[in-house]
Amino acid sequence: TRWAMVGQGRDSSAASDVYKRQILTDESLPWPTIAHLVQCDPTIRPLVDRVLGDIYLVDDFSDALSASARTVDLRFITRQGEILEPDGSV
């Protein structure tokens with residue numbers, strides 16, 4: 001499942017910040033996942049989707065930063081090989 005961070009606020013019943021999230025569809029991001037680029041036997045497609053389905057191929061690091069700012073739990077890899085992890089590390 002892919003999630004987009006749509007806001008952050010204070011939950012009146014809890015002392016911690018909570019994130020409001022909405023599910024992203026594949027159409028929400030204009031780039032392909034690495035899984036979509038892999039040709040494989042249909043019997044292992046579920047494995048490929050599970051392992052590579054949350055990694056998006058973007059044109060450049062600027063695109064990766066932009067997409068990362070509005071999503072959580074997704075990785076982005078540029079065509080130059082730079083990887084932006086879900087926690088913001090490179």
Side-chain angles (χ1 to χ4, degrees):
T1 302
R2 297 173 183 87
W3 299 91
M5 191 180 323
V6 295
Q8 179 178 0
R10 177 81 48 198
D11 183 343
S12 60
S13 64
S16 64
D17 286 333
V18 296
Y19 292 93
K20 298 176 186 172
R21 298 173 178 173
Q22 71 183 37
I23 295 176
L24 288 174
T25 64
D26 288 340
E27 295 80 33
S28 298
L29 294 174
W31 307 284
T33 66
I34 299 298
H36 284 116
L37 302 176
V38 173
Q39 295 180 5
C40 63
D41 188 277
T43 60
I44 64 167
R45 172 53 56 190
L47 174 65
V48 171
D49 290 342
R50 175 114 172 123
V51 173
L52 302 174
D54 289 338
I55 306 171
Y56 282 81
L57 179 63
V58 297
D59 292 325
D60 55 38
F61 199 70
S62 176
D63 287 340
L65 287 173
S66 174
S68 177
R70 63 180 196 212
T71 63
V72 294
D73 299 333
L74 299 179
R75 285 184 177 84
F76 299 92
I77 185 168
T78 68
R79 294 184 183 278
Q80 295 76 30
E82 301 160 306
I83 300 172
L84 183 59
E85 297 289 342
D87 66 1
S89 61
V90 179

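Just so we're clear, the structure is a prediction, and the values are computed from it rather than from any experiment. Index from 1, following the sequence.
- Rounding to the nearest 0.5 Å places CG of Leu37 at 6.0 Å from CG of Leu57.
- The OG1 atom of Thr33 lies 8.0 Å from the CG atom of Leu52; values are rounded to the nearest 0.5 Å.
- In terms of hydrophobic clustering, with Ile, Leu, Val, Met, Phe, Trp and Tyr side chains grouped at heavy-atom distances under 4.5 Å, Val58 and Ile83 are assigned to different clusters.
- Glu85 meets the salt bridge (charged side-chain N to carboxylate O under 4.0 Å, His left out) test with Arg75; sequence neighbours excluded.
- Classification of Arg79 and Asp59 as a salt-bridged pair holds, one side-chain N sitting under 4.0 Å from a carboxylate O.
- With contacts defined as side-chain heavy-atom distances shorter than 4.5 Å, the pair Ile77/Ile55 qualifies.
- The shortest distance between side-chain heavy atoms of Val90 and Leu84 falls below 4.5 Å.
- The shortest non-hydrogen separation linking Pro42 to Pro46 is O-CD, 3.8 Å.
- Here CG of Asp49 is found 10.0 Å from CD1 of Ile44. Values are rounded to the nearest 0.5 Å.
- Partners of Arg50 according to the salt bridge (charged side-chain N to carboxylate O under 4.0 Å, His left out) rule, which considers only residues two or more places apart in sequence or in another chain, do not exist here.
- Closest approach of Arg70 to Pro30, counting heavy atoms only: NH2-CD, 4.3 Å.
- For the pair Phe76/Ser68, a side-chain contact is recorded, criterion being any heavy-atom separation below 4.5 Å from C-beta on.
- Minimum heavy-atom separation, Cys40 to Arg45: SG-NH2, 3.4 Å.
- The shortest distance between side-chain heavy atoms of Leu74 and Tyr56 falls below 4.5 Å.
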